[in-house]
Amino acid sequence: MKNKHLFALGALAASAIAAYALAAYPAWAEGNTYTAGTFVSYNGRDYQALITHTAYVGAGWTPAVTNTLWKDLGPSSGTPATPVPTATPKPTVAPTATPAPTATPRPTATPAPTTVPGCTFTNWTAGVNYPLGAVVKYLPNGNFYKEVNVTSNGSDGTNPTISTWYWAPTTCGTATPVPSATPRPTTAPTSTPVPTAIPTTVPACTFVTWTTGVNYPLGTIVKYPANGLYYKEVAVGANGSDATDPTISTYYWQPTTCGTGSVTPTPKPTTVPTVVPTTVPGNLSKIVGGYWPNWPPAQIRIKDVHPNYNLIYLFAAVPEGGAPGTTGRVIWNAPGNGRGAADNLVPDIQYARSVQGRKIILSVGGAGNGMSFPTRAKSQNFVDSVAGIYNQLGGFDGLDWNTFEGNQTPDTAEMIWISLELKRRYPGFIISAPPAPWNAVDKTFCQAMVQAGAMNYVAPQYYDGPNLADPAYVVNNIKEWVTLVGANHLVIGFGVNSATNYMSIDQAVSTWNQVKANSPGILGGFDWQIGTDETQGWPFATTMKPLINP
């Protein structure tokens, strides 16, 4: 069977080389940014970019598999096609100065703020772009917020109760309400343009440009050329960084800032009114889960995730003010809208829950986002903020504790209180955690949570660290966790990917079969991550589901 595949691959390669000789356009390559309308050649076929995007290294967004990004023009003929107008860009008024006009104008506040006793403010209005320093009153809660950061579109229409990059809580005396702003289109640049405010920069640092295949030492800061962002190596294996990709490995790398690198605002979330909890039919007998990160610019829509996933983690809500949290509150933002994931987030989540019968869980934390709860006040703020996100998204089914770091002792008593309080508010609410398999602190925490009835299951992560993805290690380590919490409270965290310290799908199958033989009551497995599984053709979803949840 292998020889047949090799023969087929050889024939395919030969035909691709022959077709490439006829290519009229530049070859597609990872790491490049393509504007809408660009023509490229790939594997003997010509393609035209449908939207402007960056082909991030390691993302696998080839023209052949991303029909939302590229239009297939057919076999390469050697003759350039006549360029056609792209669908999305709109004509803009040529600027008379240096700034470029915004491609999609957003509304801006019309009425001037009114000065009243205490301060000058306006009532916040959805969709309005406010300037730097503006103070608004958020009518649903009566609180005031000051805009502390801007982009080229001011506040980008963000909600002050959600976006802590743009907005910071403030006070405004006993001010009298003023009329809400009436949106109107932003005008074109004039001969004397107002400079765009620049996000706060950080002190310079020493960095190198990340290169594929290089093993970097602990503490190295690299600039990732595909997205221009910086990452710091926070853990090492036998070969330093083990040549891992900073955008994939959260064990080795954490985002950082360097030189004139600025804080990148997160995408604008979709807000909805307060809702009544949705009743979701059925229970999960066995879990086939996957993490759905919110950083991709064109993440797959929730409803379109492979149907074999019956549980999806929204990754990730993060502590307000940065780790370990200044207030106890958490915030969560939607991914980019390249495929409509942001615009359709709320209806897609509710469709997945009510029609597809899936569970949707909010994951909190992630690498570099540990949290502490030294007081009940911070714990209460956490619960209230989770409730706010619950309302924002129209409801979800649980919370995934990913906030305890290797160097931070979890506040177990308060986290038990938080978990039980959320279960009280939302009957049937699921609480989970993805601990480090070897970590004694994590083991003690998870055992205490399960014994207190505050955690439904534990899902150790067997990927993204030296030797973690070794099937023999997983099989033996799971036995320790079975002793701690019981097989019916255990889910195996897989990472199926062709990357360092990740499993192949065959290794994942072998691992599952051995663990299942030792512990028939094992609850299930999850994959890091759904986007990777999609680009690989859904090997985890299609292969593991029949084994885990037949």
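What you are looking at is a predicted structure, and each value in this text was computed from that prediction instead of being measured.
The shortest side-chain heavy-atom distance between Trp401 and Pro410 does not fall under the 4.5 Å cut-off. Inter-residue side-chain proximity for Ile331 and Ser385 is flagged as unmet; no heavy-atom pair is nearer than 4.5 Å. Looking only at side-chain heavy atoms (C-beta outward), Tyr502 and Asp464 come within less than 4.5 Å of each other. When side chains are defined from C-beta on, Tyr457 counts as touching Val491, because their heavy atoms get closer than 4.5 Å. At a threshold of 4.5 Å between non-hydrogen side-chain atoms, the residues Ile221 and Trp210 do not count as touching. Looking at Leu139 and Trp124, their side chains never come closer than 4.5 Å, going by heavy atoms from C-beta outward. Annotation: side chain of Gln380 is in contact with side chain of Trp417 (closest heavy-atom distance under 4.5 Å). Between Leu314 and Ile360, the closest side-chain pair of non-hydrogen atoms falls below 4.5 Å.
Here the straight-line distance linking atom CH2 of Trp512 with atom CE of Met544 works out to 7.0 Å at 0.5 Å rounding. Between the CG atom of Leu468 and the CD atom of Gln461 there is a distance of 9.0 Å, given to the nearest 0.5 Å. The distance from atom CG of Asn513 to atom CG of Leu547, rounded to the nearest 0.5 Å, is 5.5 Å. Atom OH of Tyr313 and atom CG of Leu399 lie 11.0 Å apart (nearest 0.5 Å). Note that the CG atom of Asn456 and the OG atom of Ser419 stand 9.5 Å from one another [nearest 0.5 Å]. Distance check, rounded to the nearest 0.5 Å: NZ of Lys286 to CG of Leu311 gives 14.5 Å.
Relative ring orientation between Tyr390 and Phe429 is described as tilted, the plane-to-plane angle lying within the 30° to 60° band. Using cut-offs of 30° and 60° for the angle between ring planes, the Phe207 and Tyr230 rings count as perpendicular. Taking the six-membered ring where the residue is Trp, Phe382 and Phe373 present perpendicular rings, their angle passing 60° and hence far from 30°. Ring planes of Tyr231 and Tyr224: perpendicular class, angle over 60° (limits at 30 and 60°).
There is a side-chain donor-acceptor pair under 3.5 Å between Tyr462 and Asn477. Looking only at atom types and distance, the side chain of Ser510 has a donor-acceptor partner in the side chain of Gln514 under 3.5 Å away. Residues Tyr463 and Asn497 have side chains that never bring a donor and an acceptor to within less than 3.5 angstrom of each other.
Each of Lys359, Gln356, Arg358 was evaluated against Ile312; a single residue qualifies, Arg358, per the side chain to side chain contact (heavy atoms under 4.5 Å, CB included) test. Exactly one of Phe494, Phe540, Phe315 qualifies for a ring pair (Phe, Tyr, Trp, His ring centres under 6.0 Å) with Trp528. That residue is Phe315.
Here the closest heavy-atom approach between residue Lys423 and residue Ile430 is recorded as NZ-CA, 4.5 Å. When all heavy atoms of Asn337 and Ala342 are compared, the closest pair comes out as OD1-N, 3.0 Å. Heavy atoms only, all atoms of each residue included: Ile548 and Gly524 are closest at CG2-CA, 3.7 Å. Across Pro293 and Pro335, no two heavy atoms sit closer than the pair O-CB, 4.4 Å. Annotation for Thr244 and Thr500: closest pair CG2-CB, 4.1 Å, computed over non-hydrogen atoms. Summarising the geometry of Asp242 relative to Pro466, their closest heavy-atom pair is OD2-CG, 4.4 Å, with the distance given to 0.1 Å.
Checked by atom type and distance alone, the side chain of Arg329 never pairs as donor or acceptor with a backbone atom of Asn381 at under 3.5 Å. Of the possible donor and acceptor atoms, none in the side chain of Asn402 sits under 3.5 Å from a partner among the backbone N and O of Ser363. A distance-only check finds no donor-acceptor pair linking the side chain of Thr326 to the backbone of Gly322 [under 3.5 Å]. Although no hydrogens or angles enter the test, the distance criterion places a donor-acceptor pair under 3.5 Å between the side chain of Ser241 and the main chain of Tyr216. Remark: side-chain polar atoms of Thr375 are paired, donor with acceptor, to backbone N or O of Lys378 under 3.5 angstrom. The backbone N or O of Ala472 sits less than 3.5 Å from a side-chain atom of Asn476, completing a donor-acceptor pair. A distance-only check finds a donor-acceptor pair linking the side chain of Asp527 to the backbone of Val496 [under 3.5 Å]. Although no hydrogens or angles enter the test, the distance criterion places no donor-acceptor pair under 3.5 Å between the side chain of Asp411 and the main chain of Glu414. Side chain of Gln350 to main chain of Gly395: a donor-acceptor pair is present (N/O by atom type, distance under 3.5 Å, no hydrogens or angles). Of the possible polar contacts, none joining the Gln299 side chain to the Pro296 backbone as a donor-acceptor pair under 3.5 Å is found.
Applying the 6.0 Å contact sphere to NZ of Lys545 captures more than 12 heavy atoms from other residues, nucleotides or ligands. Applying the 6.0 Å contact sphere to CG of Asn488 captures more than 12 heavy atoms from other residues, nucleotides or ligands.
Under the 4.0 Å criterion applied to side-chain N and carboxylate O atoms, Lys443 and Glu480 are assigned as salt-bridge partners. Between Asp384 and Arg425, at least one side-chain N (NZ, or NE/NH1/NH2) sits under 4.0 Å from a carboxylate O, which counts as a salt bridge.
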Inset, instruction - In sequence, state the C-alpha distance, the side-chain angles, and the governing distance for His489 and Cys446, and then conclude on side-chain contact (heavy atoms from CB on, under 4.5 Å). - result: CA-CA 10 Å; His489 295 293; Cys446 290; over 6 Å; no
Inset, instruction - Start with the C-alpha gap between Tyr309 and Trp292, add the side-chain angles, then the distance that decides, and say whether ring pair (Phe, Tyr, Trp, His ring centres under 6.0 Å) holds. - result: CA-CA 11 Å; Tyr309 284 103; Trp292 189 79; over 10 Å; no
Legend entry - Test log, rule side-chain contact (heavy atoms from CB on, under 4.5 Å), inputs Val136 and Phe121: CA-CA 5 Å; Val136 299; Phe121 77 97; over 6 Å; no
Inset, instruction - Go through the steps for Asn549 and Ser285 under the test side-chain contact (heavy atoms from CB on, under 4.5 Å), then give the verdict. - result: CA-CA 8 Å; Asn549 192 19; Ser285 55; 3.4 Å; yes
Inset, instruction - Evaluate side-chain contact (heavy atoms from CB on, under 4.5 Å) for His306 paired with Asp533, printing each intermediate quantity in order. - result: CA-CA 9 Å; His306 197 285; Asp533 200 30; 5.8 Å; no
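In this structure Asp348 satisfies the salt bridge (Lys or Arg N to Asp or Glu O under 4.0 Å) test together with Arg301, sequence neighbours excluded.
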